[in-house]
Amino acid sequence: MTNTPENPETPTTAGSRMRTVRFESFGGPSVLTVADVAVPEPGPGQITVDVEYAGVNFAEVMFRRGQFPVDLPHFPGLEAVGTVRAVGEGVTGVEAGERVAALALGGGGNAEVVAVGAEHTVRLDGDLAGLDGALAAGALCNVTTALGVLTSAGHLAKGETVVVLAAAGGVGTAAAQLARSLGARTVIGVTSSPAKAEYARGFGYDSVVSYDEIGREVAERTGGAGADLVLDSVGGAFRLSVTGLLAAFGRHVVFGNAAAEDVAFEGNHPWYTNSSLAGYNLGGVAGRAPQLLRAHLEQALTEVARGAVRVEVTVLPLTDVARAHELLETRASTGKYVLDVRA
Ligand SMILES: NC(=O)c1ccc[n+]([C@@H]2O[C@H](COP(=O)([O-])OP(=O)(O)OC[C@H]3O[C@@H](n4cnc5c(N)ncnc54)[C@H](OP(=O)(O)O)[C@@H]3O)[C@@H](O)[C@H]2O)c1
């Protein structure tokens, strides 16, 4: 039987306890606590990882608020970097003691030990041997998502104009750099404050403007033609205005809903507007195109290891997880927040 944090009374071979972030009800950051539970054992196809660094993602804010149906208690944390502790039945290609970066799609990464699917684990050896653990944790979800959004969902072509909403965030800062390296001619960021715009400019945008200014900025920079690709993780009322930013046959990629407010498009919308509405969901890619996800994970980590994509991380102790959530959901964050699980 798999021993998970949800199942803390199951005996473990290690027989030890660990600290994990947990919430037992939905709500604000204060529902997050650091609990003492039994160390998990790997189930079939899984490994357990002694975690050093664990990323914090906006998705975990949404889980905590109850925006997505997750079982309670929930153990947040979608990404972890550390050393393989134990290998479950049927797992090949990774051994105890190896350093790895792992997507924890079932959560549980904000903990001293996590059980993860081996298929979404990348060994940090070879070209990745020198990759800093905090940077690897910072890259797993965000850089992989930026890559998938630009390529698989957005079909970015050389010479195109890209608009990135939430430009100063974890995904946004990665998307700007990747868009450029994939051949975009113009990359325009959108963010909510002058300070965040200034921060985002350090990641290679041609310009970074406010949500109110983006219409004029796109028109000026494209001679009125419009943008080819808009990366939209924001949602809310702004989502309905995105079509107005697009060139003929432009693509609107929807991959988040930070505004926590859904909007509806008519079925005829792409027809009437000569546009495409595309989507990207990391969990969905894991289920339906696992090899593509793995390729993107490896590519994302490689781009960071060779310095082609800069990930700026703020490292906080595990006990500061609520602070990281608060910064993300009050729009006060820039870059990526990573927890040092040993601190
Ligand atoms: N589909 C997927 O598989 C997938 C995977 C990873 C991430 N995502 C999504 O991509 C986005 C970026 O993720 P991240 O972890 O890198 O977060 P992030 O961009 O660092 O933080 C979220 C940003 O969303 C913007 N935002 C707009 N309206 C907001 C509101 N009402 N409340 C709070 N924030 C608001 C804020 O930027 P401004 O203040 O500049 O607007 C905020 O900084 C998130 O929406 C996330 O859910 C999706």
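As the structure lists them, so they are numbered: ligands from 1, and atoms in each ligand from 1. The figures that follow rest on heavy atoms only: side chains count, while hydrogens, waters and symmetry mates do not.
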Item to check | Qualifying ring-ring contact (aromatic ring centres under 6.0 Å, His included) pairs, either residue in residues 93-125, two or more places apart | outcome: none

Checklist outcome for this item: Residues joined to Y211 in its hydrophobic cluster, side chain to side chain under 4.5 Å directly or through other members, sorted by chain and number, are V163, L165, I188, V190, V209, I214, V218, V230, V234, F238, V242, L245, L246

Item to check | Shell of residues surrounding ligand 1, defined by a 4.0 angstrom heavy-atom cut-off that is strict | outcome: N57, F58, M62, N142, T145, A166, G169, G170, V171, T191, S192, K196, Y211, S233, V234, F255, A258, A259, Y280, N281, L282, L328, E329, R331, S333, G335

Item to check | Donor-acceptor pair between Y272 and E266 side chains, under 3.5 angstrom | outcome: no

Checklist entry - What residue pairs, at least two apart or across chains, pass side chain to side chain donor-acceptor pair (under 3.5 Å) with a residue in residues 222-238? => result D232-R239, D232-H252

Checklist entry - Salt bridge or not for R342 and D50, using N-O below 4.0 Å? => result no

Item to check | Shared hydrophobic cluster for L147 and L229 (ILVMFWY, side-chain gaps under 4.5 Å) | outcome: yes

